[in-house]
Amino acid sequence: MDSRCSSSADSRLTGRGPGSNNGTPFCARGDSYEAGEKKCISDVRRTFCLFVTFDLLFITMLWIIELNVNGGIQQQLEKEVLHYNYHASFFDIFLLAVFRFATLILAYAVCKLRHWWAIAITTAASCAFLIVKVILSKLLSQGAFGYLLPIISFVLAWIETWLLDFKVLPQENEDENRYQSIMDAERAPPLGPGPLSDGQFYSPPESVADSDEELDDKHDPEIGLIQ
């Protein structure tokens with residue numbers, strides 16, 4: 001009985017009872033997310049920036065292939081860059097990819113914006129320019145690249161919009177809300193002591209004198225009858 005009383009008292013004093021371990025998972029999750037927040041950029045945002053870089057490199061590669069196919073890089077560079085013609089040149093599609101890359105990397109990697117206005121500007125500008133160019137230019141008469149470059153540029157711009165609007169921003173907002181809820185739970189005032197359980201009720205130890213008298217009564221029943 002004494003050992004049970006001492007163990008229950010020690011558990012109350014040290015705070016290591018059954019309900020004291022409930023805060024451990026919250027602390028662990030909070031510390032892990034806080035360590036993740038110390039990174040320069042989140043994982044999902046890094047993936048988005050990598051795709052933006054892929055957009056620029058892919059359009060550049062296609063444009064270089066187009067220059068080689070149509071008579072050599074040096075000759076075609078002079079024709080499409082130095083003697084630029086809106087109706088026949090692919091150079092402006094390459095510049096459009098550079099514009100998307102510079103704007104999105106500056107907005108979402110350097111400035112770490114958490115709004116969609118930058119991607120809305122780049123996507124709207126890309127779509128408007130490509131639609132007008134396809135209608136007014138003579139690219140469709142220049143073989144496969146006249147179809148390939150505008151279509152791929154258009155699709156990549158919309159994939160970037162989808163990634164940011166449906167992956168990057170919702171995931172970061174969800175992580176921030178989860179981290180805030182954990183921090184609020186840790187900062188909440190501790191609850192008062194709950195109702196005592198059956199194991200916490202105990203009787204004080206019996207004295208030696210009382211126990212000796214009971215033993216004497218059991219061994220001498222005649223004395224009890226006389227009294």
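Below, each value reflects all heavy atoms present in this structure, side chains not excepted, and no hydrogens, waters or symmetry copies.
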Do Phe145 and Ile65 pass the side chain to side chain contact (heavy atoms under 4.5 Å, CB included) test, and can you show the C-alpha distance, the side-chain angles, and the key distance before you say yes or no? CA-CA 9 Å; Phe145 287 97; Ile65 294 174; 3.3 Å; yes
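- Connection of Trp117 to Leu163 is established within a shared hydrophobic cluster, with ILVMFWY side chains joined at heavy-atom distances below 4.5 Å, either directly or through further cluster members.
- With values rounded to the nearest 0.5 angstrom, Gln142 atom CD is found 13.0 Å from Leu148 atom CG.
- For the ring-ring contact (aromatic ring centres under 6.0 Å, His included) condition, the pairs that include at least one residue of residues 50-81, sequence neighbours left out, are Phe51-Phe54, Phe54-Phe58, Trp63-Phe91, Trp63-Phe94.
- Distance check, rounded to the nearest 0.5 Å: OG of Ser42 to NZ of Lys112 gives 10.0 Å.
- By the criterion of side-chain heavy atoms lying less than 4.5 angstrom apart, applied directly or through intervening Ile, Leu, Val, Met, Phe, Trp or Tyr residues, Phe166 is not grouped with Leu50; the two fall into different hydrophobic clusters.
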Verdict with reasoning, Leu139 to Ile93, per side chain to side chain contact (heavy atoms under 4.5 Å, CB included): CA-CA 11 Å; Leu139 295 181; Ile93 297 180; 4.3 Å; yes
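- Neither Leu56 nor Val110 shares a network with the other; the hydrophobic side chains, linked directly or stepwise wherever heavy atoms of I, L, V, M, F, W or Y lie under 4.5 Å apart, form separate groups for each.
- Considering all non-hydrogen atoms of both residues, Trp158 and Cys127 come closest at NE1-SG, 3.0 Å.
- We find the CD1-CG distance between Ile159 and Leu164 to be 14.0 Å, quoted to the nearest 0.5 Å.
- Atoms NZ and CD1, from Lys133 and Ile135 in turn, are 12.5 Å apart once rounded to the nearest 0.5 Å.
- Residues Ile59 and Val81 fall within the same hydrophobic cluster, defined by Ile, Leu, Val, Met, Phe, Trp and Tyr side chains chained together at heavy-atom separations under 4.5 Å.
- Atoms CZ and OG, on Arg178 and Ser181 in that order, are 7.5 Å from each other to the nearest 0.5 Å.
- For the pair Val132/Tyr86, a side-chain contact is recorded, criterion being any heavy-atom separation below 4.5 Å from C-beta on.
- Counting only residues at least two apart or in different chains, side chain to side chain donor-acceptor pair (under 3.5 Å) contacts with residues 66-77 comprise Glu66-Asn70.
- Of the charged side-chain nitrogens involved, at least one lies within less than 4.0 Å of a carboxylate oxygen, so that Glu176 and Arg114 count as a salt-bridged pair.
- Residues Leu169 and Trp116 approach most closely at CD1-N, 4.3 Å, considering heavy atoms.
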Show every donor-acceptor pair shorter than 3.5 Å between a side-chain atom in residues 95-109 and any protein atom, with sequence neighbours excluded, or say none if there are none.
residue: Arg100; atom: NE; partner: Asp55; partner atom: OD2; Å: 2.9
residue: Arg100; atom: NH1; partner: Ser126; partner atom: OG; Å: 3.2
residue: Arg100; atom: NH1; partner: Ser153; partner atom: OG; Å: 3.2
residue: Arg100; atom: NH2; partner: Asp55; partner atom: OD1; Å: 3.0
residue: Arg100; atom: NH2; partner: Asp55; partner atom: OD2; Å: 3.0
residue: Arg100; atom: NH2; partner: Ser153; partner atom: OG; Å: 3.4
residue: Thr103; atom: OG1; partner: Phe99; partner atom: O; Å: 2.9
residue: Tyr108; atom: OH; partner: His115; partner atom: O; Å: 2.7
residue: Tyr108; atom: OH; partner: Ile119; partner atom: N; Å: 3.3

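- Cluster membership for Leu82 and Leu67, using ILVMFWY side-chain heavy atoms within less than 4.5 angstrom, is not shared.
- Minimum interatomic distance between Lys167 and Trp162 (heavy atoms only, all atoms of both residues): CE-CH2, 3.5 Å.
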Might you work through the side chain to side chain contact (heavy atoms under 4.5 Å, CB included) test for Val52 and Glu160, ending with a clear yes or no? CA-CA 7 Å; Val52 172; Glu160 290 167 355; 4.1 Å; yes
